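What follows is a set of notes on a single structure, which appears directly below.
Everything numeric in this text was worked out from a predicted model, so none of it was measured.
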Amino acid sequence: MSKPDYQATNLPLWDFLTILASEGVDFLLSGAEDKVPLSSFDYEKTTICLFFSANWCRPCQSFTPKLVQLYNMLRTMGKELEIVFISLDHDEDGFNAHFETMPWLTVPFDVNLHKKLRERFHVVRIPSLVPLNLDGQSVEEDLIGLIEDFGEDAFPFTKKRREELKAIDDSMRQGGKIDQLLAHPGRDYVVASDGGKVLVSQLIGKTVGLYFGAHWCPPCRAFTAQLVEAYNQLLSSRGDCFEVVLVSSDRDQKEFDVNISNMPWLALPFEDRTRQDLCRIFNIKAIPALVLIGPDGKPISTNGKKIITLYGAKAFPFTQSSIEEIEESLRKEGDSLPRQIQDIKHQHVLKLDMAKAYVCNYCERQGKFWAFSCDACDYDLHPTCVEEAS
């Protein structure tokens with residue numbers, strides 16, 4: 001059988017082999033320091049990726065264990081995948097220390113060879129993963145991001161595969177099935193702060209808030225207090241029509257346990273990848289964040305944090321119409337109040353103002369929305385606490 005014309009079908013693979021040949025390299029090394037001949041590969045069936053990385057690089061140190069896990073899983077599943085390490089370490093000691101954490105193959109350590117490969121494949125940052133594709137499909141450019149987002153589902157790392165995965169995400173987000181968002185074949189429950197399990201099916205028909213937060217995050221702790229207040233108010237006034245599920249960004253199980261212990265609601269198990277999936281599906285870029293899902297399983301709002309912060313439990317069921325009703329009610333309330341007053345408890349004129357939150361200087365209770373405030377000093381008064389001078 002004649003040798004396949006790799007140059008005709010796949011320039012990246014051809015260039016890789018040509019550069020190795022120009023340096024007299026006709027083998028790769030395994031972890032056991034065995035030489036693996038380049039001729040031993042089935043290039044037509046195997047997906048080969050070049051992994052540019054270095055021991056001194058913190059992002060590389062963070063990503064490599066994820067890639068090891070993906071590699072081992074795909075190989076266990078029978079996928080034809082091989083990864084070749086291209087070291088950008090400064091010396092052989094760094095190369096050896098980094099490579100000993102990897103189960104795949106490597107190009108022998110040679111600074112000049114690695115520089116040629118880096119320049120040929122336009123590697124401007126590390127870690128970088130470059131597929132040497134044979135079938136003519138366009139490959140995904142941000143392969144690191146694709147793998148971090150989708151794990152083993154990203155294989156075989158093509159743009160077509162990313163489009164398929166994005167379509168699945170869109171379907172999950174808009175599909176109207178809370179059980180598909182929160183459960184999977186290996187887990188049909190969420191957990192409570194006492195360690196108990198609650199079936200996801202029990203959430204069907206409820207309004208559900210997906211709370212993206214972490215104990216280490218001070219803004220999350222501040223918002224948690226607001227959400228707890230709204231949650232408890234709805235629980236006492238409307239029963240169990242509203243539920244919150246924590247989607248944790250805590251750094252470890254211990255931190256997660258501390259976090260959920262301060263919450264009256266449910267959570268996704270810390271070890272479950274669904275946490276990362278939901279961050280991707282709802283494009284969560286910062287925490288705290290609250291995604292509100294309606295009783296029909298479809299998203300009401302991805303800006304639930306703002307709704308709770310502004311209106312609290314009063315905004316339930318958190319639909320656009322309920323927000324408009326609140327705002328109309330507030331407008332009418334404001335129209336019925338004087339623009340300014342002279343209260344007997346304060347020496348300055350107080351002007352009507354709209355405030356997200358304040359503490360009344362007279363009754364010392366927290367207030368929202370309308371207040372009478374002093375321009376000259378830090379003084380706020382509930383409209384109900386006003387005693388106008390005669």
Side-chain angles (χ1 to χ4, degrees), residues 190-194 196 198 202-203 206-250 255-268 282 284 286-295 299-330 333-334 353-371 373 380-385:
V190 287
V191 296
S193 57
D194 61 1
V198 176
Q202 294 183 28
L203 303 180
K206 295 183 180 182
T207 298
V208 176
L210 302 180
Y211 177 28
F212 298 83
H215 184 68
W216 54 261
C217 169
C220 292
R221 293 199 294 271
F223 178 65
T224 295
Q226 296 176 310
L227 187 56
V228 166
E229 180 182 5
Y231 179 87
N232 288 335
Q233 287 178 4
L234 287 171
L235 188 63
S236 61
S237 65
R238 295 177 177 266
D240 61 352
C241 60
F242 177 56
E243 190 53 80
V244 174
V245 177
L246 174 66
V247 184
S248 166
S249 293
D250 290 302
E255 198 170 70
F256 169 80
D257 291 341
V258 172
N259 198 13
I260 191 64
S261 68
N262 297 315
M263 298 175 176
W265 46 70
L266 306 171
L268 287 171
F282 290 105
I284 303 300
I287 55 173
L290 183 68
V291 174
L292 296 166
I293 308 294
I300 300 173
S301 174
T302 57
N303 202 5
K305 175 181 176 290
K306 179 179 180 181
I307 294 173
I308 293 294
T309 300
L310 284 176
Y311 308 118
K314 185 182 294 188
F316 188 83
F318 312 120
T319 58
Q320 184 61 36
S321 60
S322 67
I323 303 302
E324 290 172 356
E325 287 176 9
I326 292 173
E327 292 175 345
E328 176 63 18
S329 175
L330 288 171
E333 181 183 349
D353 189 23
M354 171 68 84
K356 290 182 179 179
Y358 65 95
V359 174
C360 176
N361 287 83
Y362 176 65
C363 70
E364 298 184 345
R365 293 197 304 270
Q366 188 171 351
K368 280 186 176 182
F369 313 127
W370 296 115
S373 302
D380 298 299
L381 202 62
H382 284 144
T384 55
C385 292

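Between the side chain of Ser329 and the backbone N or O of Glu325, no donor-acceptor pair lies under 3.5 Å. Between the side chain of Asp380 and the backbone N or O of Val359 there is no donor-acceptor pair closer than 3.5 Å. Distance alone, capped at 3.5 Å, places no donor-acceptor pair between the Ser301 side chain and the Leu292 backbone. Counting only distance, with no hydrogens or angles, the side chain of Thr309 and the backbone of Lys306 share no donor-acceptor pair below 3.5 Å. Using modelled atom types, one side-chain atom of Trp370 and one backbone atom of Leu330 make a donor-acceptor pair closer than 3.5 Å.
Between the side chains of Ser248 and Asp250, at least one donor-acceptor pair of N or O atoms lies under 3.5 Å.
Scanning all heavy atoms of the two residues, the minimum distance from Pro383 to Ala371 falls at CD-CA, 4.3 Å. Gly312 and Lys368 make their closest contact through N-NZ, 3.8 Å (heavy atoms, listed as atom of the first residue, atom of the second, distance). Phe256 and Ala267 get closest at one heavy-atom pair: CZ-CB, 3.9 Å. Here the closest non-hydrogen pair linking Ala313 and Gln233 is CB-OE1, 3.3 Å. Among all heavy-atom pairs drawn from Asp257 and Ile260, the shortest one is O-CG2, 3.4 Å. The two residues Leu268 and Val247 make their nearest non-hydrogen contact at CD1-CG2, 4.1 Å.
For Phe318 and Tyr311, the ring centers are positioned 6.0 Å apart or more.
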Test Val190 against Leu246 for side chain to side chain contact (heavy atoms under 4.5 Å, CB included), laying out the working first. CA-CA 9 Å; Val190 287; Leu246 174 66; over 6 Å; no
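Remark: of the listed residues Val244, Ile300, Thr319, Ile293, Ile300 is the sole one forming a side-chain contact (heavy atoms from CB on, under 4.5 Å) with Thr207.
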Please tabulate, for the side chains in residues 209-225, all donor-acceptor contacts under 3.5 angstrom to protein atoms that are two or more places apart in sequence or on a different chain.
from   : atom 1 : to     : atom 2 : distance (Å)
Tyr211 : OH     : Cys220 : O      : 3.0
Tyr211 : OH     : Thr224 : OG1    : 2.7
Trp216 : NE1    : Ser249 : O      : 3.0
Arg221 : NH1    : His215 : O      : 2.5
Thr224 : OG1    : Cys220 : O      : 2.8

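No side-chain heavy atom of Val191 sits under 4.5 Å from any side-chain heavy atom of Leu266.
For Glu328, the CD atom sits in a packed shell: over 12 heavy atoms of surrounding residues, nucleotides or ligands are nearer than 6.0 Å.
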